[in-house]
Structures are given as structure tokens and as C-alpha cells.
There are 2 protein chains.
Amino acid sequence: MSVRLDATDRKILAELQVDASQSLDEIAKKVGSSKTPVWNRIRKMREAGVIRQNTVLLDAEALGLEACFFVLIRTSEHEAEWQQRFLSTLRARPEVLEAHRLAGDIDYILKVRVANARAYDSFYQALISEVKIHNVTALLSMEELKATTVLPV
Amino acid sequence: MSVRLDATDRKILAELQVDASQSLDEIAKKVGSSKTPVWNRIRKMREAGVIRQNTVLLDAEALGLEACFFVLIRTSEHEAEWQQRFLSTLRARPEVLEAHRLAGDIDYILKVRVANARAYDSFYQALISEVKIHNVTALLSMEELKATTVLPV
DNA sequence: ACTGAAACGCCACGCCT
DNA sequence: AGGCGTGGCGTTTCAGT
């Protein structure tokens, strides 16, 4: 499924990741091409799914979401039905920004953004009431040292 | 520092987070307003720093970045100089997408995206050679169940 | 594949209410 | 503060190389 991307494609992606509001002319100049080919390349990468979404990144603190937790989860349940329930719960909860199934003795990790510790507790109570979980460890972020969506291309 | 946001502002943010390429008219229609006020609100939220960045989200796998690790770090060093070195290293490394300083017995957590396990090992070797670290646990993601940049507004 | 040009749409503002 | 109008820019498309 992987798409062939040449050096120009990668330069375009690098520019778009940094600032997607740039005009085609600006991007074209920076990558050493011109408007039309840049436009065609972007369209192709969109169609191929390399470019997924055009979005804005917001300041979580300005929105009053001042607490960030990483939640390590161990479970004793590994049946399909349990997994489906767990997954639906995560998807339905907007405070869950990320969820990964892991290799090793910890089964899942979540990244959760909430207003404060109390809001985290509500989330936690809701979660354990909906699905059976063996063990939960919450890691509280004190400081976001780095946070980027820019992938190295 | 916190900005006052009313219901319309929040609706606009919700729309922009889902698709930032929508026209002002489209957004205006959806939030029950019209072009000029929507434009003014967006400009203000940009200036206030609520809207940080306009970007594209890429498919990491399509770019060949097929491995994602969460790295739990314990250190015995807590001096300013060590922290500065550690921070510079993280900032300089594009494969480090997130880094948080934590409360509790684990000091830091990183999220790292790389091509494969071998690339992770290079990163790991480079990291421990640059800064003294007491204990490292790497959690390997087997499956990304959820990943969103959309904050609940 | 890139160039040039042309058509359209949208944005960014100013003015007015 | 919202509605209206407009000049100019940006996007999208098409013919030509």
C-alpha cells in the first residue's frame, strides 16, 4: 500500500506540517518547483491517504484542559467481547486523545486530557465501571517538554 | 491568561479541528452565524494563542514510520545542567514526538516514532550516550486504537 | 511532468448600519 | 458588533510543450 514519495513530495509534506496555510506559490518557491505541480502532488498525496487531515492545533491550557495523564492498564480479560467494549468506551470519550495496545506486561496505554484531577477521577470511575480492569497506574504530567505532530519525512 | 470563549467560539473551534480547510461560509452556516463575525472570532483566537497552528496530519505508516514506543525514564540526576542537556537532546530529535516530565517515581515519558525496532535502538543508544539515565522501560505499541488531536471544547 | 494563463471562488478588509 | 460590497489573492483547471 505504501506510496512512492520523492524528495520534492517530502519537502512539500515538511512545509505543510509546519504551516498548512501557506499558499501554493510560497510552498513551490521553497521546494524549488511551481504552483501546478505542487498542487498535483498534494492532491495525489491526499487521495493516497498520506495526507489525512487539515486541522488546527489548539492550546489545551487556554481551553481549561490543564491536566494530562498517561494511564497504564493491565487487564485479565482478553476476549473479543471485552476488547470491543473497551474500544467503544475509549472512542466515545473525547478526553482520551490516544490509546495503544501494547506488547509486554502492560496491556494498554492511554493519554487523557482533562480540566483537573477531579475530572480525571470521573473519567477513571466511569471507565472501571464500564469494563473490568485488573490494574491501573496513572502518570501525571507536570510539564510538557515537547509536543509535536510533525513527523520526520 | 485565559481567554473568554463563548458557545459560538467553541463551535468554530470544533469545526476547525475537524476540518480546517472549510470556507468561512461553511463554518458560519454550521455555527449559525455569518462570514464576518466568524472571521473576526478566528482572528482573535489566533492572536490570543488559542489557535496555535494550522497543520496537516500525515499517515505515519505510509511514510514508513511503523513503530511507536512509549519510553518510561527514571533518572538519578536532578540538576539544572542535566535537565538542560536532556531537554536539548529531546528537542533535537525529530523521532521524539512527545516528552513529559512526570510526578511520581517515573520521571519522564517519551513518545517516539521510528521506522522499526532497529531505529528505536539507535535512538536509545544515542540518548543514553548523551545523558546519564538510571532506568529505561520501553513500551512497544502493537496497535493504535485511537489517536486524535481534537480537544473537547 | 512542468509551464503559462485564464476563470472562478474566497478572503480580508473597509464602510456602513 | 453584524451585514454588505469589493479588490486582490489563491486555487483550480486546461491547453500547450
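None of the values given here were measured: they were computed from a predicted structure.
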**Student:** State, to 0.1 Å, how close B/Ala20 and B/Asn54 come at their nearest heavy-atom pair, and which atoms those are.
**Tutor:** CB-OD1, 4.2 Å
**Student:** Does B/Gln22 use its side chain to pair, donor to acceptor, with the backbone of B/Glu15 at less than 3.5 Å?
**Tutor:** yes
**Student:** Separation of B/Lys29 atom NZ from D/dG3 atom P, in whole Å?
**Tutor:**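 Nearest whole value for this atom pair: 16 Å.
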**Student:** Let me confirm one number: the NE2-OG distance from A/His78 to A/Ser76, rounded to the nearest 0.5 Å.
**Tutor:** 7.5 Å
**Student:** Is B/Ile73 isolated, or which residues cluster with it under the ILVMFWY side-chain rule of less than 4.5 Å, directly or via members?
**Tutor:** A/Leu145, B/Phe69, B/Val71, B/Trp82, B/Phe86, B/Leu87, B/Leu90, B/Val96, B/Tyr108, B/Leu110, B/Val112, B/Val114, B/Tyr120, B/Phe123, B/Tyr124, B/Leu127, B/Ile128, B/Val131, B/Ile133, B/Val136, B/Leu140, B/Met142
**Student:** Produce a footprint string for nucleotides 3-17 of chain C: one letter per nucleotide, 5' end first; B if the base is under 4.0 Å from any protein heavy atom, S if only the sugar-phosphate is, - if neither.
**Tutor:** BBB-----BBB----
**Student:** Just checking, any donor-acceptor pair under 3.5 angstrom between side chains of A/Asp25 and A/Ser23?
**Tutor:**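 Note: A/Asp25 and A/Ser23 side chains miss the donor-acceptor criterion.
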